[in-house]
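Report on the structure given below.
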Amino acid sequence: MNAAIADVLIPLALDTAYSYAVPAGLDLAEGDVVQIPLGPRETVGVVWGLRDGAAGSNLRKVTARIADEGMAPPLRRLVDWIARYTLAPKGSALAMALRLPEDGPRTETAKVGVRATGAAPSRITAARSKVVAVAADGAVRGKRALALESGVSAGVIDGLIDDGVLETVTLAPERVAEPPDPDHPHPPLSGPQRTAAEALIATLTAPPAGGGPAGEGGVTLLEGVTGSGKTEIYFEAVAEAVRRGVQSLVLMPEIALTAQFLDRFTARFGARPAAWHSGIGGRRRERIRAGVLAGEIPVVVGARSALFLPFRHLGLVVVDEEHEAAYKQDDGVCYHARDMAVVRGKLENAAVVLASATPSIETRVNAARGRYRRVVLPERFGGRRLPEIRAIDMRREAIPRGRYLSPTLTAAVAETNARGEQALLFLNRRGYAPLTLCRACGHRYQCPNCSTWLVEHRFRRALVCHHCGHAERRPDACAECGTVDSLTACGPGVERIAEEVAATFPDKRVIVLSSDFPGGAERLRAELQTVAEGGCDIVVGTQLVAKGHNFPLLTLVGVLDADIGLASGDPRAAERTFQLLQQVTGRAGRGEKPGRALVQTYQPEHPVIAALISGDAERFYEEETAAREVAGLPPFGRLAALIVSAAEREAAEAHGQALARVAEPPPGVMVLGPAEAPLALVRGRHRFRLLVKAEREIDIQSYLRDWIARGPKPRGNVRVAIDVDPQSFL
DNA sequence: AGCCACTTTGTA
DNA sequence: ACAAAGTGGCTG
């Protein structure tokens with residue numbers, strides 16, 4: 001007997017499945033994709049549940065089943081899990097897994113982005129000007145992303161498109177996959193590489209083709225410096241998965257999904273993999289989806305959205321460069337693809353491999369606690385070692401006022417250049433000076449919207465807020481007392497360092513690299529190329545230089561102020577700083593010659609600095625965990641963020657007080673904030689974060705959900721996203 | 001009031 | 001997603 005009522009989840013921002021009557025003669029199963037009426041129109045949805053009941057009521061009817069193949073239980077469970085974990089509406093989570101054929105005889109509808117045309121709006125409003133300011137750099141962004149970044153709602157963007165201020169652009173597609181050959185001839189692995197590959201293969205849950213025991217799955221951290229052959233090693237696990245007839249997914253941060261990587265894959269397997277990323281659209285997208293669903297495509301290499309492909313027999317998930325921030329999705333459903341990969345792996349009973357040269361702190365902790373296996377590659381293939389890192393104690397260096405390069409570092413740069421090698425001076429601060437004040441009256445230039453100082457950008461002759469993007473002309477006279485030429489720049493930014501470097505090394509070629517690089521992405525890429533080819537002696541850069549482009553001639557990294565960020569009040573400051581500095585210093589000596597790093601600091605004994613110098617990440621998190629305990633901060637993997645959508649920013653601010661006074665936290669749970677406001681919302685970029693400490697295993701999401709429901713309802717949608725690893729909730 | 005731009009709500 | 005209803009500023 002057929003069920004009378006189907007609960008259908010619709011891929012819209014709805015948190016509950018809607019109930020429909022099942023018409024006589026339609027035999028539905030859970031997971032079936034169906035067409036249903038919704039309001040005045042017809043939509044698709046997925047049968048999330050079936051039950052018997054009095055169907056004769058006022059329910060509308062399911063129109064039809066529209067696909068032969070339904071959504072498999074593990075993928076449905078993933079949708080449920082992600083919705084629950086990220087506190088996103090279930091329907092939104094479903095939408096990620098249901099990128100259906102963009103129905104009808106659709107030709108080439110690739111991903112659509114928008115960018116500024118340069119035309120002025122016919123009508124200017126506060127919301128519009130925010131968008132125009134953000135889009136002014138000419139970069140292409142997704143509609144949602146632009147709306148969120150500008151702090152406006154999507155309607156504004158549409159309005160600006162109609163007005164001709166923004167134009168839509170589509171990205172071009174390429175071609176589909178060939179079957180990979182696991183036994184394609186390839187260069188042999190070294191002994192240690194072979195051992196590591198065996199260790200990964202031993203975790204595969206699919207039984208070996210020739211009989212024998214299967215592995216037990218779980219998560220393995222594959223750790224090894226750049227050049228140690230991580231990719232070749234996990235390729236062996238992929239090859240074995242192919243032999244065993246299960247599918248593999250290799251996740252990469254979007255930027256790393258390059259032709260170069262696909263070429264390496266082709267060299268190993270004699271065929272191009274199916275590549276999946278947001279730019280792939282239309283027929284190609286549909287063919288890959290269908291191939292994956294049918295089990296005909298054994299290997300997919302993709303960006304984070306590949307996580308939701310309907311694999312038939314998923315046996316292996318590899319997350320390459322697992323520490324990459326690009327795995328975080330920040331608009332729509334906020335999730336971390338690395339963590340969701342772990343979850344999917346668990347639900348599918350697939351082995352998971354996390355690969356990185358500089359694993360994230362969360363992953364290190366999980367490995368140290370035995371939740372993840374750990375495979376470490378001893379050193380770089382070819383015997384290269386990590387750069388030697390030393391601290392420069394700034395309390396002992398004699399530096400004139402207004403100068404920031406210590407004599408020790410200056411000498412090292414000169415020495416390096418004399419050998420024909422490059423030096424990188426790293427300072428994580430854009431612009432010329434982080435604070436401008438009037439010498440006459442002491443007035444400090446502050447952002448009208450945020451509580452931050454305006455940063456001087458001498459090149460642009462502007463004062464800029466790095467928080468909200470607000471910019472104003474740098475005045476000639478003090479806005480407060482009117483004194484002319486009284487403004488002083490306090491502290492260094494990269495522009496100022498470049499000035500100092502130019503004065504100290506007048507005959508050297510200096511390049512400044514920062515994310516606000518004038519001339520946009522094209523010119524930036526050209527500059528990076530110049531550096532790589534040796535067309536420059538000294539690079540001055542912000543965190544932009546922490547990753548990406550390889551600079552083979554770079555042998556010295558000087559960190560100008562390692563202490564930046566350590567006192568930022570963000571409970572994750574320490575781990576963020578550690579990771580950033582580890583990546584930056586690791587850039588030295590990637591070529592033939594060995595590298596070294598010098599780190600200017602006023603607190604060489606600080607755990608983060610000490611760990612960086614010793615290269616002992618394990619000690620760092622041990623000490624950091626202890627320090628957090630003393631400070632009453634949550635341990636790693638226990639931070640949650642309450643995020644109020646950008647559109648409701650103003651409203652949220654008005655209700656901040658109310659929110660802050662809401663609800664008594666339940667026992668064992670503590671909401672962190674400044675001491676004077678224990679439940680305060682901490683301002684982040686276009687959002688508010690609320691930090692929650694849990695002393696026991698709790699479900700932070702449902703706690704927050706209750707917490708919000710119990711208090712006075714804040715106006716608008718309050719979405720909550722969790723910034724932790726999911727291990728503790730599995 | 002009426003208009004406009006934008007936000008919020010509801011869809012079973 | 002999309003359409004309908006609501007909000008709040010502005011105008012004359």
Side-chain angles (χ1 to χ4, degrees), chain A residues 3-23 26 28 32-64 66 88-104 106 109 111-112 120-132 134 142-144 146-148 150-166 168 331-333 644-655 686 708 713-719:
Chain A
I5 298 175
D7 294 317
V8 179
L9 191 58
I10 301 162
L12 300 177
L14 300 166
D15 199 38
T16 48
Y18 282 0
S19 303
Y20 290 85
V22 182
L26 186 62
L28 289 179
D32 280 351
V33 183
V34 290
Q35 188 182 338
I36 66 264
L38 184 72
R41 70 215 120 100
E42 294 276 313
T43 343
V44 292
V46 176
V47 177
W48 225 247
L50 286 168
R51 59 202 160 89
D52 296 318
S57 61
N58 45 5
L59 291 181
R60 300 177 78 176
K61 278 189 195 143
V62 171
T63 312
I66 59 170
K90 263 188 196 181
S92 304
L94 176 67
M96 300 194 294
L98 246 203
R99 299 271 162 74
L100 279 167
E102 288 143 30
D103 57 320
R106 176 75 77 207
T109 308
K111 181 184 165 114
V112 187
S122 63
R123 185 184 301 271
I124 191 76
T125 65
R128 285 184 165 198
S129 62
K130 280 191 260 181
V131 177
V132 170
V134 171
K143 272 201 220 176
R144 276 201 79 113
L146 181 56
L148 205 73
S150 316
V152 302
S153 73
V156 185
I157 309 293
D158 288 330
L160 285 168
I161 293 171
D162 292 343
D163 204 15
V165 178
L166 297 175
T168 55
D331 59 349
V333 180
V644 182
S645 75
E648 288 99 27
R649 185 172 156 169
E650 306 295 309
E653 205 149 2
H655 283 255
H686 295 308
I708 289 160
K713 193 182 184 308
R715 245 179 63 116
N717 301 321
V718 175
R719 294 182 304 131

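Residue numbering restarts at 1 for every chain, and letters A, B, ... go by the order of the sequence lines. Atoms considered below: every heavy atom in the structure, side chains included; atoms not considered: hydrogens, waters and symmetry mates.
One can place CD1 of A:Ile124 at 17 Å from C1' of C:dC10, the figure rounded to the nearest angstrom. Between the CD1 atom of A:Ile36 and the P atom of C:dA1 there is a distance of 15 Å, given to the nearest Å.
For A:Arg60, there are no salt bridge (charged side-chain N to carboxylate O under 4.0 Å, His left out) partners, not counting sequence neighbours. Qualifying side chain to side chain contact (heavy atoms under 4.5 Å, CB included) partners for A:Thr125, counting only residues two or more places apart in sequence or in other chains: A:Ala127, A:Arg128. A:Ala64 meets the side chain to side chain contact (heavy atoms under 4.5 Å, CB included) test with no other residue; sequence neighbours excluded. Listed by chain and number, the residues in a side chain to side chain contact (heavy atoms under 4.5 Å, CB included) with A:Val165 are A:Pro121, A:Val132, A:Leu160, A:Asp163 (sequence neighbours excluded). For A:Ser19, the side chain to side chain contact (heavy atoms under 4.5 Å, CB included) partners at least two apart in sequence or on another chain are A:Ile5, A:Asp7, A:Arg51, A:Leu59.
Between A:Thr43 and C:dA1 there is no side-chain polar atom (N or O) within less than 4.0 angstrom of OP1 or OP2.
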Taking only N/O atoms, report every protein-nucleotides 10-12 of chain B pair under 3.5 Å with atom names and distance.
unit_1, atom_1, unit_2, atom_2, d
B:dT11, O3', A:Gly39, N, 3.4
B:dA12, OP1, A:Gly39, N, 3.4
B:dA12, OP1, A:Arg60, NH1, 2.4
B:dA12, O3', A:Ser19, O, 3.4
B:dA12, O3', A:Arg60, N, 3.3
B:dA12, N3, A:Ser19, N, 3.1

